[in-house]
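Reading through the structure tokens given below for one structure.
In what follows, chains carry the letters A, B, and so on, assigned in the order in which the sequence lines appear, proteins first and then strands, with residues in each chain numbered from 1.
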Amino acid sequence: MSDHPTSPSSFPSNPSGAAKNSLLKLDARTKKRNASEARFKAYGVGAIALGLFFLVALLTSIIGNGTPAFKQTFITIPIELTESKLDKSGVRDIDVMKKVTTFGYKPLVQSALVASLQEHGIENPFKKAADLGKLLSSSAPAQVRDVVLANPELIGQTIEFRLLAGSRVDGYFKGRVDRDALARDKNLDAEHLDIADAMVTAGLIDTKFNADFIFGADASESRPEQAGIGVSMVGSLFMMIVVLCLALPIGVAASIYLEEFAPQNKWTDLIEVNISNLAAVPSIVFGILGLAVFIQFAHLPQSAPLVGGLVLTLMTLPTIIISTRASLKAVPPSIRDAALGIGASKMQSVFHHVLPLAMPGILTGTIIGLAQALGETAPLLLIGMVGFIASNMPDGIASGFLDPNSAMPAQIYEWAKRADPAYYERAWGGIIILLGFLMTMNIIAVILRRRFERRW
Amino acid sequence: MPALWLFITVLVLGLAGFILGRARVMKDADGDIRKLHSLPNYYGSNVMLSAIIPSLGLLVLWLIVQPMIIQANVASHIPTENYADSGALNLLMSDVRRVADGLDIAVSQGALTPHAAQNLTGTDDVRGILGRLGVALGTDVEDDILTAAQEYRIKSNIGGWIMTVAVIAAAILGFAMALKVTNKDHRARNSVEKVVLALLIGAASLAVLTTVGIVFSLIFNTIEFFKLYPAADFFFGTTWAPSFGGGSELGILPLFWGTFYISIISLLVAVPIGLFAAVYLSEYAGPKTRGIAKPLLEVLAGIPTIVYGLFALLTVGPLLVGMFGKDGSFGVNWMQGGSAVITAGLVMGVMLIPFISSLSDDIINSVPQSMRDGSLGLGATKSETIKQVILPAALPGIVGAILLAASRAIGETMIVVLGAGAAARLSMNPFEAMTTVTTRIVSQLTGDADFSSPEALVAFALGMTLFVITLCLNIVALVIVRKYREQYD
């Protein structure tokens, strides 16, 4: 602090006129210094404010763009399941019925839509039922077909179906699509939107929470309304199992050696330098390693969560080792001495006393490492976890590890690449789910630390 | 026997060893623990470890080595005139493996009898048979590939049987030998601890092994690339125009320029903000402000890069186009599309803020309090103290932090893949799309599985360059930081 008062206002100036060099009167130089002090402090506040502003902007952008993905527009119409079209033989033999493809169901669905518009007195300017059918998702016939194949006894009845609306109709109700934009769009016309508005009044269209987005599978490029993140979530889960099962034991073993047993020599130095360097190697280089070693050399299957897990394990190991070593170091030497003093071997003192005491810290570090691995994308691109449609849930444990699957961040990247606003919405929605997982993991880590951490 | 079952068998043997070993020593000591050298569990563990470890080691080794030997063996049966070079042979061998795997599936699903699978000839519709089972083959199967595949199957089959016998024999041998020496005077704890220590050393050495793996996987493919494409053209070429049809120009300079330009912009954003934030948090802020602002800033570091990539592509890019693009709010037409150097640079800068601020915060905090007190006591204001005493003292550490941040910026992938564009150009205009080393690695290596063309192999050369640059930056940064820390410890 300077000897001069920092704030001139706290010292009222002397009305009678003080001596020229009074300490109470700030000279020009002091004023300048104080101003520069205030300026410097303001820069600091500004920097923090800017940083927080970026955080808020990022989060607003994620939440604002992503929440619509959790809602979906559905069209509810009664469809008459005509026997003559769906099962000509009339014997309800599933294998015969399977021969009717979705193309056979399409006219049925479309004419049902036309009929239901007529019934509600909604004006329909389209001559062809197929044009009107663009209101529906192109997955609608498949949706009907699945129901029919599962319950053949429904044929001949008129059943009410809740079908997905097309992505642009969906976008219209979420404010993503408007009539001006449709002028340039060959998939949908403004008339469709008029019909859609009328259908809302008639209660045929509603927008509801969309569980399929969270639990469903990815869909092809033309059906964003059907795409979900569920399958890639399972892919991520299998990868995290691999990472946890390998990185935790190996990381803890390596840290125990380096912290408790390693002699001071060249080899130990080499290991330490390697670990700190690996922590800073770009993640894409680990992807190249995975491609060359696990896929090119060891011929493990491409796009398999097992390979992804192995690559992420190598990437996470340095993080886990660094945090484990820190928590081993935090256990006071008196614990070791006491154990050795009553006749435990060095190994016993470490495994029976030091390790259990360091466990909360180790788990915290492991969870944070897992969270980091869960969000990592770049290495997964190189081992082929993008560029295909992850549409099937794995059949079992082995297939979960070995069959091609995507992972959450890779799926988000895949959606972002498809250059369709409806898929962008899905990508933001996927990010909300991903961040939800990361936040939960970090909160668990913080709670673990608060609850079990011991101060010595 | 499949490897998984073999693994389980060995584990079961190990468990049995544990129980037997423990029981045997207890019997030897007439149930009196005091007569034993070690605790009874150590005797059990000793038997278990000597049954499991050598046999599992053998199993892993066998699984790695057997395919290599069989492949070399089978490859020698394919006439040399059928392939041009080693790359073509690799492709041929992957066909062979696929056909062999397909035949295995056919046999296991009962579509073919084992005998019929071995007697198929090129005239049979192998592709059709396998296609029905879900094994898609690109072309019809030629005669020698089929023969090679059958050869491959026979050899792997024999190899598999020998492996089963050898692994189980090793497990039983270890089991028996350990059980034989188990008596009450045997120093079981010492031998168990030796094994555990060896395992710990092995785990620690994995870090070295990973580095070696990275270096080897980069070096071999890079050498392969330089055989096909002159190194001088790669390092000094100013055009990047890969075409998988051949005749590509693969100069790295435009990629370097894009990488450095984006990194510089990101550092211009991150360094002032991060540094001022760190100074404020460590020197001015009270514990309350610090307790709120610091974790909030660090949230930025915990957000995955794919999120920043999407933020650049969909939020920042369009926003900047709205400002600097055609009909933008500034009335200039500088920016054609959302993907540009400035977009990626800005977003990457945001990502690096917490990185710089928390590293500098640590460093500023480690400047001894006596230096602050001395300066303040002489009448300097707080900001003068910071500018003239603390920052100079912390400078080496801060430089180290900036270098680490630069190495991150250079190696960052997702933000530039989504935000920077794909055009390789050497330009000074930050509003233009440019491309980076990492972006090109991704685009050269995704999709195409043929690793013998220079267009795919160039990715390994790019990766090598990236690895070397970031490694140098990291080492310099770590040395600086470490030296600085010692100064005040």
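Between chain A and the residues B:Val299, B:Val208, B:Val316, the most heavy-atom pairs under 4.5 angstrom are made by B:Val208. Chain B forms the most heavy-atom pairs under 4.5 Å with one residue out of A:Ala378, A:Ser345, A:Gly51, and that residue is A:Ser345. Most heavy-atom pairs under 4.5 Å with chain A, from the set B:Pro354, B:Ser217, B:Gly463: that is B:Ser217. Between chain B and the options A:Val252, A:Thr377, A:Ile275, A:Ile383, the largest number of non-hydrogen pairs under 4.5 Å is found for A:Thr377. Ranked by heavy-atom pairs under 4.5 Å with chain B, the first of A:Phe261, A:Tyr257, A:Phe54 is A:Tyr257. Ranking B:Val279, B:Thr289, B:Ile353, B:Thr315 against chain A, the residue ahead of the rest is B:Thr315, based on heavy-atom pairs under 4.5 Å. Of the listed residues B:Leu197, B:Ile64, B:Leu218, the one with more heavy-atom pairs under 4.5 angstrom with chain A than any other is B:Leu197. In terms of heavy-atom pairs under 4.5 Å with chain B, the best-connected choice from A:Val386, A:Ile250, A:Asn442 is A:Ile250. Comparing A:Phe297, A:Phe286, A:Phe351, A:Tyr43 by how many heavy-atom pairs each has under 4.5 Å with chain B, the most go to A:Tyr43. The candidate with the highest count of non-hydrogen atom pairs below 4.5 Å against chain A, out of B:Gly202, B:Ala278, B:Ala204, is B:Ala204. Heavy-atom pairs under 4.5 Å with chain B were tallied for A:Ala371, A:Gly44, A:Ala292, A:Ala427; the largest tally goes to A:Gly44.
Using a 30° and 60° split on the angle between ring planes, B:Phe220 and B:Phe216 fall in the parallel class, below 30°.
At a 4.5 Å heavy-atom cutoff, the contact between B:Leu39 and chain A is made by side-chain atoms alone. Within the 4.5 angstrom heavy-atom criterion, no atom of B:Met464 approaches chain A. Looking at B:Leu275, there are no atoms closer than 4.5 Å to chain A (heavy atoms on both sides), in backbone or side chain. When heavy atoms are compared at a cutoff of 4.5 Å, A:Trp267 approaches chain B solely by way of its side chain, counted from C-beta outward. For B:Thr470, the part lying under 4.5 angstrom from a heavy atom of chain A is the side chain only. The contact between A:Leu52 and chain B is made by backbone and side chain atoms together, counting heavy-atom distances below 4.5 Å. With a threshold of 4.5 angstrom between heavy atoms, B:Val417 approaches chain A through side-chain atoms but not through N, CA, C or O. In this structure, the portions of A:Leu381 lying under 4.5 Å from any heavy atom of chain B include both its backbone and its side chain. With a 4.5 angstrom heavy-atom cutoff, A:Gln348 touches chain B via backbone and side-chain atoms both. The parts of B:Leu310 that come within reach of chain A are both its backbone and its side chain, each placing non-hydrogen atoms under 4.5 angstrom from that chain. Heavy-atom distances place the side chain of B:Leu418, and not its backbone, under 4.5 Å from chain A. Contacts of A:Leu55 with chain B are made by both backbone and side-chain atoms, with heavy-atom separations under 4.5 Å. Contacts between B:Ala477 and chain A at a heavy-atom distance below 4.5 Å are absent for every atom of the residue. For a residue to count as touching a neighbouring chain, one of its non-hydrogen atoms must lie under 4.5 Å from one of that chain's; by this rule B:Val196 touches chain A with backbone and side chain alike. With a 4.5 Å cut-off on non-hydrogen atoms, B:Tyr284 touches chain A through its side chain but not through its backbone. Looking at B:Leu206, the atoms closer than 4.5 Å to chain A (heavy atoms on both sides) all sit in the side chain, from C-beta outward. Heavy-atom distances place the side chain of B:Leu466, and not its backbone, under 4.5 Å from chain A. Contact of B:Ile201 with chain A is made through backbone and side chain together, with heavy-atom distances under 4.5 Å.
Using non-hydrogen atoms only and a strict 4.5 Å limit, the part of residues 408-416 of chain A facing chain B consists of A:Pro409, A:Ile412, A:Tyr413, A:Ala416. Heavy-atom neighbours of chain A within the stretch residues 404-413 of chain B, taken at a separation under 4.5 angstrom, comprise B:Ser407, B:Gly411, B:Thr413.
With rounding to the nearest 0.5 angstrom, the CG atom of B:Leu352 is 7.5 Å from the CZ atom of B:Phe355. Interatomic distance, CG of B:Leu297 versus CD1 of B:Ile356, reported as 12.5 Å (0.5 Å rounding). Expressed to the nearest 0.5 Å, how far CG of A:Asn34 lies from CZ of A:Arg29 amounts to 11.0 Å. Expressed to the nearest 0.5 Å, how far CD1 of A:Ile288 lies from CZ of B:Phe467 amounts to 10.5 Å. Here the straight-line distance linking atom CG of A:Leu382 with atom CD1 of A:Ile295 works out to 9.0 Å at 0.5 Å rounding. Once rounded to the nearest 0.5 Å, the distance linking CD1 of A:Ile284 with CE of B:Met414 reads 8.5 Å.
Between A:Leu289 and A:Leu314, the closest side-chain pair of non-hydrogen atoms falls below 4.5 Å. Between A:Arg325 and A:Glu272, the closest side-chain pair of non-hydrogen atoms falls below 4.5 Å.
Shown here are the side chain to side chain contact (heavy atoms under 4.5 Å, CB included) partners of A:Ser36, two or more places apart in sequence or in another chain: A:Arg39, B:Ser383, B:Lys387.
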May I have the step-by-step check of side-chain contact (heavy atoms from CB on, under 4.5 Å) for B:Phe311 and B:Val307, ending in yes or no? CA-CA 6 Å; B:Phe311 185 60; B:Val307 180; 5.5 Å; no

Would A:Arg33 and B:Glu384 satisfy salt bridge (Lys or Arg N to Asp or Glu O under 4.0 Å), going step by step from the backbone distance to the final call? CA-CA 9 Å; A:Arg33 287 174 69 195; B:Glu384 283 162 354; 2.8 Å; yes

Start with the C-alpha gap between B:Thr259 and B:Thr436, add the side-chain angles, then the distance that decides, and say whether side-chain hydrogen bond (donor to acceptor under 3.5 Å, both in side chains) holds. CA-CA 5 Å; B:Thr259 307; B:Thr436 67; 4.6 Å; no

Evaluation steps, salt bridge (Lys or Arg N to Asp or Glu O under 4.0 Å), between A:Lys41 and B:Glu283: CA-CA 10 Å; A:Lys41 202 170 164 183; B:Glu283 298 294 320; over 6 Å; no

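With A:Glu37 contributing its side chain and B:Lys382 its backbone, the two residues share a donor-acceptor pair below 3.5 Å. Side chain of B:Ser375 to main chain of B:Arg372: no donor-acceptor pair is present (N/O by atom type, distance under 3.5 Å, no hydrogens or angles).
Sorted by first then second residue, the salt bridge (charged side-chain N to carboxylate O under 4.0 Å, His left out) pairs that include residues 192-211 of chain B, not counting sequence neighbours, are B:Arg189-B:Glu193.
In this structure, B:Asp361 pairs ionically with B:Arg290, as a charged nitrogen and a carboxylate oxygen lie closer than 4.0 Å.
A:Leu438 pairs with exactly one of A:Ile433, A:Ile443, A:Leu374 by the side chain to side chain contact (heavy atoms under 4.5 Å, CB included) rule, that one being A:Leu374.
The number of heavy atoms from other shown groups lying within 6.0 Å of NZ (A:Lys32) does not exceed 12.
Side-chain contact, A:Thr316 with A:Thr313: no donor N or O sits under 3.5 Å from an acceptor N or O.
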